[in-house]
Amino acid sequence: MTGPNDFHSDFLRSLQARGYIHQISHPEELDAAAARGRIAAYIGFDATAASFHVGNLVSIMLLRRLQQAGHRPIVVIGGGTTKVGDPSGKDSTRQLLSDDQITANIASLKTTFAKFLTFGDGPGDAVLVDNAEWLERFGYIQFLRDYGVHFTINRMLTFDSVKLRLDREQPLTFIEFNYMLMQAVDFLELSRRYDCVLQMGGSDQWGNIVNGVDLIRRVDQKPAFALTTPLITTASGAKMGKTASGAVWLNAEQLAPYDYWQFWRNTEDADVGRFLRLFTDLPLDEIAQLEALQGAEINEAKKALANAATAMLHGSQAAEHAAEAARVAFEQGGVSADLPTFEIPRAALAPGIGLAILAVDAGLAASRSEVRRLAQGGGLRVNDTVEADANRLVTAADLGEGGVIKLAAGKKKIVLVRPV
């Protein structure tokens, strides 16, 4: 595999050293272009939800690395492509969203990028554009005549996004089949508007990106390149950003900074060094020292990861509060105002509410059966006392320090139940 010393540009050397590179088209040509001077590159993000999750973070960090190396990032929000739906990595057709839903999602998603990138009018400042601006101006016949002639069904059937769906005998709608054409046109449009020479994305986007590379080189005879990142999974094989409780959202409204901090703090030992390289700006020599820690000392590396990742997204103050809340809760057995809180009507505590029901409602566990397993294994605690009966009633008599009930699952998750 190509190593960082084989590249001449700071950009590709940094990406390789930190583990971002899976595939590159025309690597020598791209490396030479990035070494000669500033290039522009983009990643597209469809507006399928109001918040990104940790699974999107590697792409956002890729744009950050690009800008740190002195190049120009272009963020493309898919106001147009979201209306079609990307079939890549999906076994079924995505639910089509209304125009109002897409508009609301775009407004919410835009706020995330400013935390990772510097936007402005300077030559190296990031740009944010919506592909609806050009895609929605096409008439269908015009689109087919201008661009459909450059794509063959034979080749499109070989792409993973199509093959996987067909091999599993899952339907692929005609509207989804058009997605890769739209993405290729995005790249061509950005090449013409911003002299964009590189599209980046996850490994599942390789076929779609190469389509755009080929279209630009064929139609405009200009250089164009593709770069993809590896699929990010945990050491145990789980998909990045997925937990038993659901997705790890980047918006504070959907996931509190404390829970975000805890997600990184709970990283598997074998993943600490890799995640420090991918998701923080810590220098590589410092990361090497942290990942070399053994035994219980590896927890210090996990805290460094949690602090750096949380500070980048939510600010240093939020990271400090989360770290202190965890210290108070886990090392001192106390209660901190920064711990996740679940409010219930005070009247519900009069007759009492089943512990398993309350734990699920409060987000401590995904199901009642999970709560029962925790209780049987000694991992369920109420006000720091091990609770073996997951079905017992929780009442006002359980209110403890600060007038709340402290529920804990294992040593890593705590929720405060507050009556209102």
Side-chain angles (χ1 to χ4, degrees), residues 17-19 54 57 232-245 248 255-314 316-340 359 363-366 370-371 373-388 401 406-416:
R18 287 184 174 267
V54 166
L57 192 54
I232 307 299
T233 59
T234 65
S236 60
K239 192 173 182 180
M240 183 66 181
K242 298 292 185 181
T243 69
S245 302
V248 180
L255 187 74
Y258 174 85
D259 287 324
Y260 189 75
W261 188 93
Q262 278 293 339
F263 167 77
W264 295 108
R265 169 64 180 82
N266 295 335
T267 295
E268 296 178 41
D269 292 0
D271 289 327
V272 173
R274 184 163 58 104
F275 288 178
L276 280 165
R277 282 185 285 274
L278 289 171
F279 301 114
T280 81
D281 287 341
L282 294 180
L284 292 175
D285 56 352
E286 183 178 341
I287 292 172
Q289 294 174 9
L290 287 168
E291 70 176 329
L293 295 174
Q294 299 294 319
E297 288 186 342
I298 194 67
N299 289 324
E300 296 307 311
K302 295 180 182 182
K303 291 175 185 177
L305 170 61
N307 289 339
T310 304
M312 190 179 295
L313 178 63
H314 295 298
S316 57
Q317 189 174 41
E320 291 168 5
H321 286 172
E324 178 61 15
R327 189 186 69 80
V328 169
F330 295 110
E331 296 177 15
Q332 297 183 353
V335 170
S336 167
D338 290 299
L339 288 170
L364 192 72
E370 183 183 340
V371 179
R373 286 194 296 272
L374 281 167
Q376 291 168 3
L380 181 64
R381 299 193 308 282
V382 178
N383 295 329
D384 297 318
T385 300
V386 174
E387 180 56 69
E401 179 185 345
K406 182 180 176 184
L407 302 182
K411 297 180 179 180
K412 297 180 179 180
K413 192 164 188 180
I414 293 177
V415 176
L416 302 182

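Atom set for the values below is all heavy atoms of this structure, side chains included, hydrogens, waters and symmetry mates excluded. What you see is a predicted model, and the numbers here were worked out from it, not measured in a lab.
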Please examine the side chains of Ile287 and Arg18, heavy atoms only from C-beta on, and report whether any two atoms are closer than 4.5 Å. yes
Would you say Glu370 and Leu364 make side-chain contact, with heavy atoms under 4.5 Å? no
Atom of Ala309, atom of Tyr260 and distance for their closest heavy-atom approach: O-CE2, 3.7 Å
Please answer whether the main-chain N or O of Thr385 pairs with a side-chain N or O of Glu387 as donor and acceptor at a distance below 3.5 Å. no
For Leu284 and Ala17, work out which heavy atoms get closest and say how close. CD1-CB, 3.8 Å
Residues in side chain to side chain contact (heavy atoms under 4.5 Å, CB included) contact with Ala304, at least two apart in sequence or another chain: Leu290
Is it true that the side chains of Trp264 and Asn307 contain a donor and an acceptor less than 3.5 Å apart? no
Between Ala318 and Pro257 the two heavy atoms that sit nearest each other are CB-CB, 4.2 Å
Taking Asp259 for the side chain and Leu255 for the main chain, is one N or O donor matched with an acceptor at less than 3.5 Å? no
Which heavy atom of Leu374 sits nearest to which heavy atom of Ala409, and what is that distance? CD1-CB, 3.7 Å
Residue pair Leu380 / Val386, side-chain heavy-atom distance below 4.5 Å: no
Walk me through whether Asn299 and Arg265 qualify under side chain to side chain contact (heavy atoms under 4.5 Å, CB included). CA-CA 8 Å; Asn299 289 324; Arg265 169 64 180 82; 3.5 Å; yes
Counting C-beta onward and ignoring hydrogens, is there a side-chain heavy-atom pair between Leu293 and Glu300 closer than 4.5 Å? yes
Quick one: side chains of residues 268-282, donor-acceptor pairs under 3.5 Å with protein atoms, not counting sequence neighbours, listed by atom name and distance.
from, atom 1, to, atom 2, distance (Å)
Glu268, OE1, Ser236, N, 3.3
Glu268, OE2, Thr234, OG1, 3.3
Glu268, OE2, Ser236, OG, 2.6
Asp269, OD1, Lys302, NZ, 2.6
Asp271, OD1, Ala235, N, 3.1
Asp271, OD1, Arg274, NH2, 2.8
Asp271, OD2, Ala235, N, 2.8
Arg274, NH1, Thr233, O, 3.3
Arg274, NH2, Thr233, O, 2.6
Arg277, NH1, Glu291, OE2, 2.8
Thr280, OG1, Leu276, O, 2.7
Thr280, OG1, Leu282, N, 3.2
Asp281, OD1, Arg64, NE, 3.4
Asp281, OD1, Arg65, NH1, 2.6
Asp281, OD1, Gln68, NE2, 3.2
Asp281, OD2, Arg64, NE, 3.0
Asp281, OD2, Arg64, NH2, 2.5
Asp281, OD2, Gln68, NE2, 3.3

